[in-house]
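Input: a single structure, listed below in structure tokens.
All heavy atoms count here, side chains included; hydrogens, waters and symmetry mates do not. All residue numbers in this chain count up from 1 along the given sequence.
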Amino acid sequence: MPRFDDVSIGDSLPTLTKAPDRAQLVLYCAGSGDFNPLHWDQSFPQAVAIGDNIVHGRMKWSTLGQVVSDWVGADGWVRSVSCQYKGMDPQGTEWTATGVVTGKREEDGRKFVDLDVWTQNAAGQRTTPGTAVVVLND
């Protein structure tokens, strides 16, 4: 759990690796209410055209939130996590989520840390780039 004074621009967040299979995507459909067949039906025409089912964008977004929240711990709080869906990650393939500190600032007595966060595939392509802001205590 970082302390504001100990955080430096360029510090890396821990990496979280996932490789959800089709069964996990079906469970995510049930939990999220997103039953788009592109995520679970391997015979769906779009899945056939791209070669397989793909991971939900919101699953990758929530994984970014998990990385940020795990890094902040109980000594701060996550103010925001946002991202863009720039690439597809097929089911069963490994991808990672991580981030880096890009800024620090104090406003109205609060200590903010700005982050770039992203998921990337095994080839190193960032498929879900984003940003996050956290508030750290002393």
Side-chain angles (χ1 to χ4, degrees):
M1 291 167 253
R3 294 188 39 179
F4 185 80
D5 292 336
D6 297 332
V7 172
S8 299
I9 294 173
D11 286 354
S12 295
L13 275 64
T15 298
L16 182 59
T17 301
K18 296 201 175 188
D21 61 17
R22 191 171 287 106
Q24 289 171 306
L25 296 182
V26 169
L27 292 171
Y28 191 83
C29 288
S32 69
D34 179 356
F35 290 98
N36 184 329
L38 181 58
H39 301 301
W40 59 270
D41 182 355
Q42 60 195 26
S43 65
F44 184 63
Q46 284 178 300
V48 171
I50 61 175
D52 207 342
N53 298 115
I54 62 169
V55 174
H56 296 75
R58 290 184 64 101
M59 179 185 274
K60 295 190 292 181
W61 173 67
S62 65
T63 303
L64 293 174
Q66 181 182 356
V67 167
V68 172
S69 180
D70 287 352
W71 180 71
V72 168
D75 291 331
W77 51 279
V78 179
R79 184 171 186 199
S80 65
V81 178
S82 63
C83 66
Q84 297 177 327
Y85 308 128
K86 297 284 191 173
M88 295 180 280
D89 292 293
Q91 68 84 26
T93 62
E94 191 171 274
W95 48 272
T96 59
T98 191
V100 65
V101 175
T102 58
K104 292 174 59 172
R105 56 196 158 85
E106 293 189 47
E107 295 176 10
D108 300 323
R110 290 198 171 134
K111 297 177 180 186
F112 295 96
V113 177
D114 301 311
L115 307 166
D116 278 351
V117 293
W118 63 88
T119 65
Q120 67 185 46
N121 61 25
Q125 298 165 318
R126 292 185 182 189
T127 58
T128 314
T131 59
V133 178
V134 300
V135 179
L136 295 179
N137 298 323
D138 290 332

> After noting the C-alpha distance and the side-chain angles of D89 and K60, does the key distance pass the salt bridge (Lys or Arg N to Asp or Glu O under 4.0 Å) rule?
Replying inline: CA-CA 9 Å; D89 292 293; K60 295 190 292 181; 2.8 Å; yes
>> Checking R105 against V133 for the side chain to side chain contact (heavy atoms under 4.5 Å, CB included) test, could you report, in this order, the C-alpha distance in whole Å, the side-chain angles of both residues, the deciding distance, and whether it holds?
In response: CA-CA 11 Å; R105 56 196 158 85; V133 178; 3.9 Å; yes
>> Evaluate W77 against R110 for side chain to side chain contact (heavy atoms under 4.5 Å, CB included), listing each step before the verdict.
In response: CA-CA 11 Å; W77 51 279; R110 290 198 171 134; 4.2 Å; yes
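Under a 3.5 Å cut-off, the side chain of W61 and the backbone N or O of Y85 do not form any donor-acceptor pair. Side-chain atoms of S32 come within 3.5 Å of backbone N or O of Y28 as a donor-acceptor pair.
Using a 4.5 Å heavy-atom threshold, the side chains of P20 and M59 count as touching. L136 is not listed as a side-chain neighbour of D75, based on a closest heavy-atom distance of 4.5 Å or more. Residues W118 and V100 form a side-chain contact, since some pair of their non-hydrogen atoms from C-beta on lies under 4.5 Å apart. No side-chain heavy atom of W95 sits under 4.5 Å from any side-chain heavy atom of T128. Side-chain contact between V67 and V117: absent, with no pair of heavy atoms (C-beta onward) separated by less than 4.5 Å.
The CG atom of D21 sits 8.5 Å away from the CG atom of L27 when rounded to the nearest 0.5 Å. Atoms NZ and CZ, from K104 and F112 in turn, are 14.0 Å apart once rounded to the nearest 0.5 Å. Atom CG of residue D52 and atom CD of residue Q42 lie 7.0 Å apart, to the nearest 0.5 angstrom. Between L64 atom CG and T131 atom OG1 the span is 10.0 Å, to the nearest 0.5 Å. Between atom OG1 of residue T127 and atom CG of residue N121 there is a gap of 6.0 Å, rounded to the nearest 0.5 Å.
Taking each heavy atom of C29 and D34 in turn, the nearest pair found is SG-O, 3.2 Å. The two atoms that bring Q24 and A19 nearest to each other are OE1-O, 3.8 Å, heavy atoms only.
In the hydrophobic clustering, M1 connects to no other residue, as no ILVMFWY side-chain heavy atoms lie under 4.5 Å from its own. Other members of the hydrophobic cluster containing I50, listed by chain and number, are L38, F44, I54, M88; membership follows side-chain contacts under 4.5 Å among ILVMFWY residues, whether direct or relayed.
If you chain together hydrophobic residues whose side chains sit under 4.5 Å apart, V113 and V78 fall into the same group.
H39 and H56 have parallel rings, their planes meeting at less than 30° on a 0 to 90° scale where 60° marks the start of perpendicular.
Results of the side-chain hydrogen bond (donor to acceptor under 3.5 Å, both in side chains) test with N53 over R22, Q46, Q91 single out R22 as the only residue that passes.
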Let me have the donor-acceptor pairs involving side chains of residues 4-18, under 3.5 Å, with sequence neighbours excluded, atom names and distances please.
{"residue": "D11", "atom": "OD2", "partner": "S8", "partner atom": "N", "Å": "2.8"}
{"residue": "T15", "atom": "OG1", "partner": "T98", "partner atom": "OG1", "Å": "3.4"}
{"residue": "K18", "atom": "NZ", "partner": "Q66", "partner atom": "OE1", "Å": "3.4"}

